[in-house]
Amino acid sequence: MDVTQQIIPKIRLTIKNLEDSKENPFFEWKLDNMGLNAEIVNEEIDAFFELLITFHYFEYTFNLSEDKEFKQELEQNKKNLLNQFFSDVKMSILNDALVNLIDFFSNKKEIHLNHNTEIVKELFFDFKTFEEKVNQYMSEINFQETEALLEVVHMNRTNINLKVPKIIFPWYIYALTNTYKILPKYSDDKEINIVQERYIPLKQIRSRNAQEMELLDKSQRDFKSFIKSLKVNTIYNQSLNLYLFNETTNLYDIFNLVNNKKETLENENFKTLFSEFLKSGEWYTIREANFQEVSRMANINSFGVKTLLINEFESKKLFNNEEIWDIYNQIFKFCKSNLLNKIHEDFLLALKHIPEKIRLDFAIYRIFSKEEPFEDIIENVLEGELNIYAPSADNNQENYLFDAYADAYKKFYESKNKKSE
């Protein structure tokens, strides 16, 4: 029997029974010396997370070993997975809070009220500082259209800096390099939407003509520039920036997958097998299938969980199981709700001086803006090689890595843009 048939029905029933129940939460959030952290208080939900990390062991039967060492390893793996899950939840509600704060201060009357001026200073750069930092950022990434972009920034000097919270400056300015041409001019009374996803995400590739080769080259350089920009200033929340960047572009996912394939290619046994496949002409079919299932993770907006599963618990059947990810998304929403309730109950009293409309959002900002759950991932990327792969006439390994990048890019685009059936 498929393992999901043993566990999933119980979890669905649990969700149905506890959907609106505050008395029986799935998670319990507690404040400790490390901040706000959670634990699971529901057996079925606990079993679900265990399923995610054991799927690659047991594709068809749920027959866990009684070995003591295995159980210890399982518990540690589950702990690691839950740490990533809770980090994703925190980053998600932090982003939601920042969006609400941006919307609130879109009202100019709110900006100039005495009790709000210090909040505005804490959240946003003044325009002069903002303009200087944009110019500096463009120089660091070697952007070729800096003058035109700065002109648009200056045209919108009355409010554009209030659309970009300090802690996610790199993500918003990266987005601005893609959207500045379509922003309104002199927009005193117009909405400025810097992050417009239709101008930022992956593009369709088919034939790998010159234009598409340039696109693949640019996407690699974009990732390299962006990840390097995160180490420039301690004001930024590196983790949230990468979380949001990858949510829209999937360029970290693709980089990570290809980096994993590079490690595989360095294995001597694989090199021999690789050469045999090249001789047999079967390589294209194998390449195409290589990223088919894992690319289904494109629409899972849980950076930490997705990265951990891809790196350590890869299972094609898991990645391809839509029912599991439907349940995962429901659990994710419940966990966010639990956390919001906790903050509302325990943290708002000390913020009575903050306008009620943004009190919860500002509390979330204060609690999580300094947390860096993905700092190790970013450091590992920066310490490693940030290669730009391109076709090579005399290097099979370079060709393999470029093909891997192009295939992963193509499959992630297809998954991201798959229409609901």
Side-chain angles (χ1 to χ4, degrees), residues 3-4 7 11 26-59 62 64-94 237-240 242-243 246-247 252-253 255-257 259-260 263-264 293-294 296-297 300-319 321 324-325 327-329 331-332 334-336 338-339 368 370-384:
V3 62
T4 59
I7 296 178
I11 296 173
F26 297 149
F27 307 93
E28 183 177 352
W29 289 88
K30 296 179 180 179
L31 184 63
D32 56 31
N33 59 354
M34 299 297 290
L36 261 179
N37 292 292
E39 60 182 29
I40 297 176
V41 292
N42 180 277
E43 290 183 4
E44 279 72 27
I45 301 302
D46 187 73
F48 177 81
F49 283 96
E50 193 167 289
L51 171 65
L52 295 182
I53 56 172
T54 55
F55 217 107
H56 72 305
Y57 290 129
F58 308 103
E59 297 285 0
F62 197 61
L64 289 178
S65 169
E66 294 298 321
D67 181 73
K68 182 179 179 181
E69 186 175 335
F70 177 84
K71 286 187 174 181
Q72 290 175 343
E73 181 183 351
L74 178 64
E75 286 304 311
Q76 184 59 51
N77 288 339
K78 186 166 61 175
K79 180 180 178 181
N80 294 341
L81 178 65
L82 287 170
N83 284 340
Q84 296 299 327
F85 174 77
F86 294 133
S87 294
D88 288 333
V89 168
K90 292 175 184 179
M91 292 297 100
S92 182
I93 72 161
L94 176 57
N237 185 301
Q238 299 179 10
S239 299
L240 182 58
L242 183 56
Y243 182 98
N246 193 63
E247 183 177 65
Y252 172 79
D253 292 335
F255 164 84
N256 186 38
L257 283 166
N259 205 46
N260 289 346
E263 293 178 7
T264 302
E293 284 79 12
V294 71
R296 304 293 173 86
M297 300 289 281
I300 303 300
N301 294 327
S302 285
F303 177 85
V305 166
K306 180 164 51 175
T307 299
L308 183 68
L309 291 177
I310 288 173
N311 288 352
E312 299 185 26
F313 305 103
E314 183 173 348
S315 165
K316 292 180 179 180
K317 288 184 178 293
L318 172 62
F319 295 156
N321 192 312
I324 283 180
W325 298 111
I327 290 174
Y328 177 88
N329 287 333
I331 294 173
F332 193 88
F334 283 126
C335 192
K336 285 179 67 173
N338 287 155
L339 178 53
F368 298 124
K370 300 296 184 183
E371 288 206 14
E372 290 283 1
F374 310 132
E375 188 174 29
D376 289 346
I377 292 175
I378 294 168
E379 288 180 359
N380 288 338
V381 172
L382 291 172
E383 289 172 1

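Computed from a predicted model, the values in this text were never measured in an experiment.
How far CG of L318 is from CG of L52: 6.0 Å, rounded to the nearest 0.5 Å. With rounding to the nearest 0.5 Å, the separation of CD1 in I300 from CG in L309 is 10.0 Å. Here the straight-line distance linking atom CG of D253 with atom CE of M297 works out to 8.5 Å at 0.5 Å rounding. Atom CD of E375 is separated from atom CG of N380 by 10.5 Å, given to the nearest 0.5 angstrom. Here CG of N77 is found 5.0 Å from CD1 of I53. Values are rounded to the nearest 0.5 Å. Residue T307 holds its OG1 atom at 7.5 Å from CG of L242, rounded to the nearest 0.5 Å.
Heavy atoms only, all atoms of each residue included: A38 and F86 are closest at O-CE1, 3.4 Å. Contact detail for L240 and N237: the closest heavy-atom pair is N-OD1, 2.8 Å. Pairing each heavy atom of N301 with each of Y243, the nearest pair is O-OH, 3.0 Å. Taking every heavy atom of both residues into account, F319 and E314 meet most closely at CE1-CG, 3.5 Å. Closest approach of F26 to N338, counting heavy atoms only: N-OD1, 3.8 Å. Across all their heavy atoms, V305 and D88 have their closest contact at N-OD2, 3.0 Å.
Side chain of E372 to main chain of Q238: a donor-acceptor pair is present (N/O by atom type, distance under 3.5 Å, no hydrogens or angles). Distance alone, capped at 3.5 Å, places no donor-acceptor pair between the K90 side chain and the F368 backbone. Using a distance-only test at 3.5 Å, with no hydrogens or angles considered, no donor-acceptor pair links the side chain of N259 to the main chain of F255. Judged purely by atom type and a 3.5 angstrom limit, N321 has no side-chain atom pairing as donor or acceptor with the backbone of K317.
F27 is listed as a side-chain neighbour of I40, based on a closest heavy-atom distance under 4.5 Å. In this structure, the side chains of E371 and S239 stay at 4.5 Å or more apart for every pair of heavy atoms. Between L74 and E50, the closest side-chain pair of non-hydrogen atoms falls below 4.5 Å. In this structure the side chain of R296 never reaches within 4.5 angstrom of the side chain of W325, judged on heavy atoms. By the 4.5 Å heavy-atom criterion applied to side chains, I324 and F48 are counted as neighbours.
Applying the ring pair (Phe, Tyr, Trp, His ring centres under 6.0 Å) rule to F49 yields the partners F85; only residues at least two apart in sequence or on another chain are considered. Scored by the salt bridge (charged side-chain N to carboxylate O under 4.0 Å, His left out) test, E247 finds no partners at all (sequence neighbours excluded). Judged as a side chain to side chain donor-acceptor pair (under 3.5 Å), and not counting sequence neighbours, the contacts of D32 are N37. The side chain to side chain donor-acceptor pair (under 3.5 Å) search around D46 returns K78, not counting sequence neighbours. With sequence neighbours left out, K336 forms a side chain to side chain donor-acceptor pair (under 3.5 Å) with S92, D96. Residues passing the side chain to side chain donor-acceptor pair (under 3.5 Å) test with Q76, sequence neighbours excluded: N80.
Using a 30° and 60° split on the angle between ring planes, Y252 and F303 fall in the tilted class, from 30° to 60°.
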